[in-house]
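Since the structure comes first, as structure tokens, the remarks are kept for the end.
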Amino acid sequence: MELHQKRRIELIIERMAYKRACRVLEQVGVTGYTVLPSMAGFGGKNRWSRDTDISSASDMVVIISITDEEKADEALEQIANILGSHIGVVSVSDVQVLRPELF
Amino acid sequence: MELHQKRRIELIIERMAYKRACRVLEQVGVTGYTVLPSMAGFGGKNRWSRDTDISSASDMVVIISITDEEKADEALEQIANILGSHIGVVSVSDVQVLRPELF
Amino acid sequence: MELHQKRRIELIIERMAYKRACRVLEQVGVTGYTVLPSMAGFGGKNRWSRDTDISSASDMVVIISITDEEKADEALEQIANILGSHIGVVSVSDVQVLRPELF
Amino acid sequence: MDTALSTLLSPIILFFMLGMGAALLRSQMSVPEAFSKGLSIYLMMAIGLKGGVEMAKNPLTTEVILVLAAGVVLSFLIPSIAFALLQLTTKLNRTDAAATAAHYGSISIVTFVAATEAVRLAGFETGGHLVATAALMETPAIITALILAHRGQSARGGEVAGSERGELLREVLLNASVVVLVGALAIGWIAGEEGTASIQPFFTGLFQGVLCLFLLDMGLNAGRGLRQGWRQMNLPTFAFGLYMPLISAVITAAVCGVLGLPVGDAALLITLAASASYIAVPAAMRLALPEAKPSVYLTLSLGVTFPFNVTVGIPIYIAMAGIAASLTG
Amino acid sequence: MDTALSTLLSPIILFFMLGMGAALLRSQMSVPEAFSKGLSIYLMMAIGLKGGVEMAKNPLTTEVILVLAAGVVLSFLIPSIAFALLQLTTKLNRTDAAATAAHYGSISIVTFVAATEAVRLAGFETGGHLVATAALMETPAIITALILAHRGQSARGGEVAGSERGELLREVLLNASVVVLVGALAIGWIAGEEGTASIQPFFTGLFQGVLCLFLLDMGLNAGRGLRQGWRQMNLPTFAFGLYMPLISAVITAAVCGVLGLPVGDAALLITLAASASYIAVPAAMRLALPEAKPSVYLTLSLGVTFPFNVTVGIPIYIAMAGIAASLTG
Amino acid sequence: MDTALSTLLSPIILFFMLGMGAALLRSQMSVPEAFSKGLSIYLMMAIGLKGGVEMAKNPLTTEVILVLAAGVVLSFLIPSIAFALLQLTTKLNRTDAAATAAHYGSISIVTFVAATEAVRLAGFETGGHLVATAALMETPAIITALILAHRGQSARGGEVAGSERGELLREVLLNASVVVLVGALAIGWIAGEEGTASIQPFFTGLFQGVLCLFLLDMGLNAGRGLRQGWRQMNLPTFAFGLYMPLISAVITAAVCGVLGLPVGDAALLITLAASASYIAVPAAMRLALPEAKPSVYLTLSLGVTFPFNVTVGIPIYIAMAGIAASLTG
Ligand SMILES: Nc1ncnc2c1ncn2[C@@H]1O[C@H](COP(=O)(O)O)[C@@H](O)[C@H]1O
Ligand SMILES: Nc1ncnc2c1ncn2[C@@H]1O[C@H](COP(=O)(O)O)[C@@H](O)[C@H]1O
Ligand SMILES: Nc1ncnc2c1ncn2[C@@H]1O[C@H](COP(=O)(O)O)[C@@H](O)[C@H]1O
Ligand code: NA
Ligand code: NA
Ligand code: NA
């Protein structure tokens with residue numbers, strides 16, 4: 001079974017801005033992404049927790065997208081723009097997949 | 001502190017099929033896995049979102065399992081079978097763990 | 001666009017103990033972490049699932065923290081202590097980030 | 001048609017239209033999934049209990065048994081008709097057509113409940129055994145659909161890895177709506193009017209209010225389903241979502257005429273036959289026919305047929321029931 | 001002040017204080033988000049329906065239209081005052097000050113509901129059009145804040161990537177509280193007293209009980225908001241959260257006096273003006289002014305102003321309304 | 001035993017058995033966690049308020065204080081007995097035995113509520129102070145268990161990293177059920193019958209209906225707990241889950257006899273002693289004795305003792321209360 005090298009983007013971003021990030025990913029041309037809810041977190045000096053946060057204004061979500069190197073780089077550039085004004089953290093890593101034509 | 005090389009399987013799969021994937025992982029002999037809910041996503045041309053999806057038929061979940069190379073390969077092969085008919089995406093990556101005997 | 005090497009800690013731990021792990025991460029000095037809920041899992045011989053588990057006593061959560069190598073090592077050591085008595089699994093992996101000064 | 005208008009202007013339907021409108025205008029509002037799923041369990045307990053209490057009042061007559069049997073037979077048969085029409089008029093492949101057909105043989109409990117309210121508003125009585133009929137009609141259609149999907153195919157290429165014996169059966173026979181409906185029906189029957197008196201304020205008094213809230217959410221769901229699935233639809237498929245319920249309704253009205261059912265019961269049986277499932281059957285199809293595309297059958301049943309039935313369909317079905325009763329009465 | 005005390009000792013406020021106390025003592029208890037969000041939809045449906053039914057009883061008088069207009073104008077104006085005060089007394093930057101000001105021009109529906117109960121307890125009547133006023137006051141403040149934030153700045157450095165035309169508008173005009181309030185109001189108006197009779201047990205009978213549960217959760221939220229945001233506050237900012245509602249209240253009381261509003265309606269309009277948003281406006285600010293720090297405006301509106309209004313503020317506002325009415329009456 | 005049968009056939013218990021049956025048959029249905037957690041807060045508010053209103057009617061008598069004291073003493077003592085029996089009859093290690101013992105000293109609020117309904121059905125009155133007793137009995141058992149677990153061990157090998165002073169105390173004294181029960185009790189006491197009149201439709205009228213829905217979920221939980229934990233059980237451990245509640249009941253019946261309590265109050269105190277915690281204590285044990293295996297104590301308290309108490313136990317405890325009262329009366 002052959003495995004193929006791809007990139008995994010993991011973007012932790014405030015809930016209110018997540019659709020902006022999704023649109024960026026779609027424009028860049030990734031074939032898919034999945035959004036996970038989160039329940040608590042810490043950054044800088046602030047802790048937040050979902051059951052506390054009635055306005056969802058400090059809620060974060062995690063967006064995962066498996067894509068190829070090129071699109072990952074392009075996506076990162078655009079996401080850097082979003083993270084200029086919105087709260088969030090982005091990282092990429094290497095992953096292997098079975099069917100490279102899907103990403 | 002010594003770290004040991006393991007593999008991390010990340011399977012994004014439709015909720016209705018997740019138990020099938022879990023059974024495959026158990027049969028292969030992984031020592032554990034954890035299933036995370038997701039709240040939205042995009043693939044192909046379709047977006048979905050949990051609060052929209054009354055039937056849960058397009059809901060996805062994320063299954064994470066840390067295991068050794070050998071079991072990861074075996075699991076991938078079986079999962080490929082599931083992904084032949086069910087919607088989903090699988091990837092593997094390298095991770096380091098503290099106590100290798102646990103995986 | 002330059003990418004910088006960091007470490008990603010992924011800690012799967014029982015919900016009741018997650019604040020202990022968070023305190024450890026804060027003491028070690030990571031700049032942030034995010035906690036994700038999980039909905040089911042398997043370990044050893046036991047399966048659990050959130051809708052089943054009225055007491056939340058076997059509920060797990062996933063803590064993700066992007067940080068530098070040094071703090072990751074220190075965090076691992078402390079987390080090993082927690083995992084001596086609490087249920088959980090920890091792994092670390094390499095990731096690349098855009099703005100290294102944030103981590 | 002005064003009844004039709006008063007149905008359309010009842011708060012329940014107005015809240016449905018509010019939700020549907022908000023979704024079509026792309027409002028981001030939503031009712032949390034956990035909350036509306038909780039409400040749906042409440043609604044099923046309430047109608048189950050009500051049906052059971054009513055059934056306890058009367059002995060099991062032949063008519064009751066005939067209605068139950070008619071429901072089962074209709075649920076078995078309607079998918080064949082739906083399948084033939086889909087094959088004839090749309091380009092859906094065999095599997096997609098069979099999966100879609102299953103939805104139209106099965107039922108929508110919310111449509112049933114909305115019809116119960118409309119029938120009551122129109123001044124007719126309904127029997128408790130229609131609730132039992134609803135529960136019985138949920139699953140036969142799935143069997144027909146599986147036969148249709150596999151007929152003429154060589155033996156299936158083996159099971160999906162990780163499949164377990166009985167998982168489909170459990171999903172189909174022990175899903176939430178079957179368990180709660182049948183369970184509550186039995187409890188209503190056992191406990192009777194007296195035994196359930198102390199829980200009436202919750203299950204009867206609040207019923208219509210909860211229904212408003214629930215239909216607001218259903219409107220949001222239907223509107224979003226329609227908006228998102230729109231692109232996958234073409235005219236013949238879309239049209240199927242509108243004429244298929246009417247075909248089922250006409251067939252069932254004929255059956256009701258033959259059986260000589262009273263107007264209220266007939267209206268409910270017609271509504272059941274005309275309604276399409278969007279919870280139980282999609283789940284079963286993901287297990288049994290995973291190759292079928294959910295976007296097709298979900299958009300049709302939730303985005304097209306459900307709103308059609310709730311707004312326009314139900315008044316028509318009540319009228320049909322009236323005609324069937326007058327022809328045979 | 002007997003009214004004030006009986007307000008403070010009503011179960012609704014006691015449950016709020018219970019929640020707030022538990023949060024300040026760092027209890028881990030919480031009401032699940034999905035459940036309390038579901039309850040909030042219930043509450044908005046209930047007050048919308050009630051308002052609509054009442055409005056259907058009376059023709060649209062000039063007074064009604066004047067109250068609606070006054071609400072809109074106040075929502076537009078108050079942010080300017082708030083902004084000026086914040087610039088004068090605190091070190092918040094322009095963006096943070098503008099974002100915070102938006103919250104004080106907009107309204108808190110829960111504060112409004114608590115005031116409705118207190119006004120009723122105090123023996124005054126209230127008009128259904130105040131609910132419509134509440135819905136109308138939600139958004140104008142946001143426009144003022146955006147103008148304030150951008151005034152004097154060179155053209156903005158371009159949109160955030162992924163922004164979409166209309167996303168802010170949709171968020172602001174079609175958020176859950178606007179959709180449900182306005183929708184339920186319209187439904188109450190259309191269906192009238194008779195048409196909504198069957199849903200009254202749910203929406204009227206349970207209202208105050210649900211409010212208790214909801215305010216327990218609001219207390220937990222406010223207490224936690226205060227405890228977590230405490231460190232980011234300094235005295236001038238904190239003080240703003242206490243005196244700003246009073247300033248809005250005085251201005252609005254004067255307006256009510258001029259318009260000659262009855263005590264009940266005046267008390268509610270004053271409360272609306274004095275209340276600060278903590279759901280709709282924060283969400284809009286994250287889209288429109290993402291540079292503004294949520295910890296500042298959320299702590300102020302949810303952690304300081306909301307508890308102040310619910311406990312001490314409302315009795316004061318009722319008293320002010322009484323004075324305004326007596327001076328002009 | 002007519003009472004026993006009518007208890008068993010009440011809708012509340014029938015819904016419990018429905019849920020348990022569905023879980024044992026491996027149905028996938030579930031009540032969303034957020035929804036049932038919301039309902040549990042409602043239930044605790046309702047019984048707290050009811051208890052408080054009742055306590056406000058009567059002065060604090062010596063009998064009331066004696067019942068409260070008896071509850072606390074029993075909660076302290078029962079774990080020692082449970083621990084000794086577990087050491088004697090099972091192979092559980094010291095920590096597991098101590099953790100399990102804690103559960104049996106503490107209480108199950110749902111069992112208490114089910115008993116209240118059964119006692120009322122059987123025609124006896126109950127005092128509001130039993131609710132206070134329930135709240136007081138939640139935690140003493142935890143202290144005993146910690147002493148038992150650590151006795152005879154050398155000083156503990158240091159704290160778990162990240163532990164915080166007071167976290168256990170907060171968990172134990174400020175968990176949701178203590179906060180809501182005690183808070184609602186105090187609010188009921190302060191507001192009295194008149195002050196709570198407007199919230200009665202919600203908290204009293206709906207109580208039994210909500211309980212049905214909640215017990216359906218509890219049945220699902222208990223059934224799944226039993227099915228999943230089954231393999232970790234052996235006969236002596238399983239048996240403990242059945243005889244331990246009876247032992248606690250007999251001891252408490254004796255205490256009730258000595259105190260001369262009326263039948264209703266005695267039945268509730270016996271039920272409290274016989275019931276085992278499955279929410280508060282497991283959470284506390286994960287913090288205080290993380291080495292103890294949750295699968296053991298959870299399966300026992302939720303999967304074995306809870307269903308036993310709700311179905312068979314409560315009628316027995318009512319009978320015991322009757323005997324105790326007749327012997328001393
Ligand atoms: N290094 C990190 N690793 C994981 N999550 C992070 C990290 N930094 C920040 N976050 C998440 O982003 C949120 C906002 O962080 P900040 O922008 O630092 O206030 C936090 O509450 C976390 O949920
Ligand atoms: N490249 C990807 N990365 C992350 N998630 C994906 C990816 N592709 C698909 N998904 C997830 O899988 C679902 C179905 O995708 P598809 O099979 O392409 O329709 C999507 O809605 C996403 O939630
Ligand atoms: N290898 C693994 N990969 C992912 N999650 C795991 C793994 N092992 C254990 N878990 C999670 O940790 C929980 C407890 O595992 P255990 O300590 O083995 O009983 C499981 O229910 C899983 O949710
Ligand atoms: Na049908
Ligand atoms: Na305001
Ligand atoms: Na006990």
Side-chain angles (χ1 to χ4, degrees), chain D residues 31-46 48-49 52-53 164-207 210 279-280 283-284 287, chain F residues 5-43 46 113-114 116-118 120-121 200-217 219-220 223-224 227:
Chain D
V31 180
E33 190 205 5
F35 193 74
S36 62
K37 211 177 143 201
L39 294 186
S40 78
I41 293 175
Y42 162 85
L43 290 173
M44 290 186 295
M45 285 173 83
L49 280 169
V53 168
E164 199 188 40
R165 278 192 124 236
E167 67 179 333
L168 178 63
L169 220 68
R170 274 203 306 277
E171 186 64 40
V172 155
L173 294 180
L174 291 174
N175 66 45
S177 71
V178 170
V179 167
V180 177
L181 270 186
V182 174
L185 198 92
I187 292 171
W189 199 338
I190 296 172
E193 188 128 47
E194 208 182 332
T196 59
S198 65
I199 57 177
Q200 289 301 330
F202 183 59
F203 286 113
T204 309
L206 306 188
F207 188 74
V210 174
I279 299 183
L287 286 180
Chain F
L5 193 71
S6 74
T7 301
L8 271 176
L9 293 184
S10 80
I12 293 168
I13 305 307
L14 290 173
F15 273 110
F16 175 77
M17 297 202 276
L18 174 63
M20 190 129 179
L24 292 176
L25 290 170
R26 299 181 59 193
S27 162
Q28 301 295 315
M29 88 153 278
S30 67
V31 180
E33 189 205 7
F35 193 74
S36 63
K37 212 179 142 200
L39 294 186
S40 78
I41 293 176
Y42 162 86
L43 291 174
V113 169
T116 312
E117 295 303 312
R120 201 183 45 76
L121 254 177
Q200 290 300 331
F202 183 59
F203 287 113
T204 309
L206 307 187
F207 189 74
Q208 284 156 308
V210 175
L211 201 54
C212 285
L213 215 168
F214 192 73
L215 275 173
L216 172 66
D217 184 44
L220 289 165
R224 288 203 184 109
R227 210 162 50 71

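Chain identifiers are assigned alphabetically (A, B, ...) following the order of the sequence lines, protein sequences preceding nucleic acid strands; residue numbering begins at 1 within each chain.
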Exercise for the section: Under 4.5 Å, counting heavy-atom pairs only, tell me which of D/Gly183, D/Ser198, D/Ala191 racks up the most with chain F. Expected result: D/Ser198
Exercise for the section: Select one option (side chain, backbone, both, neither) describing which atoms of D/Glu171 are under 4.5 Å from chain F's heavy atoms. Expected result: side chain
Problem - Option that, when pairs with chain D are counted at under 4.5 Å, heavy atom only, ranks first among F/Gly19, F/Cys212, F/Ser10, F/Ala22 - result: F/Cys212
Fill in the blank from the handout: Answer key: most heavy-atom pairs under 4.5 Å with chain D among F/Ala34, F/Pro11, F/Gly21 is F/Pro11
Completion exercise
Rounded to the nearest 0.5 Å, the CD1 atom of D/Ile199 sits from the CE atom of D/Met45 at a distance of 7.0 Å
Completion exercise
Honestly, the part of F/Ser30 sitting under 4.5 Å from a heavy atom of chain D is both
Practice task
Nearest 0.5 Å please: distance from the CG atom of F/Leu206 over to the CG atom of F/Leu213.
Solution key: 11.5 Å
Practice task
Keeping the roles fixed (side chain from F/Arg227, backbone from F/Arg26), state whether a donor-acceptor pair exists under 3.5 Å.
Solution key: no
Problem - Side-chain donor or acceptor of D/Thr196 paired with backbone N/O of D/Glu193 under 3.5 Å - result: yes
Fill in the blank from the handout: Bottom line for D/Phe35: the part with an atom under 4.5 Å from chain F's heavy atoms is both
Problem - Closest non-hydrogen atom pair, D/Ala46 against D/Phe207 - result: CB-CD1, 3.5 Å
Problem - F/Phe15 versus chain D, the contacting section by heavy-atom distance below 4.5 Å - result: both
Completion exercise
Highest number of heavy-atom pairs under 4.5 Å with chain D among F/Leu14, F/Ile12, F/Val31 belongs to F/Leu14
Exercise for the section: I would like to know whether F/Met29 and D/Ile41 meet side-chain contact (heavy atoms from CB on, under 4.5 Å); could you show each step before the answer? Expected result: CA-CA 10 Å; F/Met29 88 153 278; D/Ile41 293 175; 4.3 Å; yes
Fill in the blank from the handout: If one checks every heavy atom of F/Leu216 against chain D at 4.5 Å, the contacting part turns out to be side chain
Exercise for the section: Classify the angle between the aromatic ring planes of F/Tyr42 and F/Phe202 as parallel (below 30°), tilted (30 to 60°) or perpendicular (above 60°). Expected result: perpendicular
Handout entry: Which portion of D/Leu173 sits near chain F, non-hydrogen atoms under 4.5 angstrom
Key = neither
Handout entry: Ion pair check, D/Glu167 and D/Arg170, cut-off under 4.0 Å
Key = no
Exercise for the section: Identify which part of D/Ala184 has an atom lying under 4.5 Å from any heavy atom of chain F, answering side chain, backbone, both or neither. Expected result: both
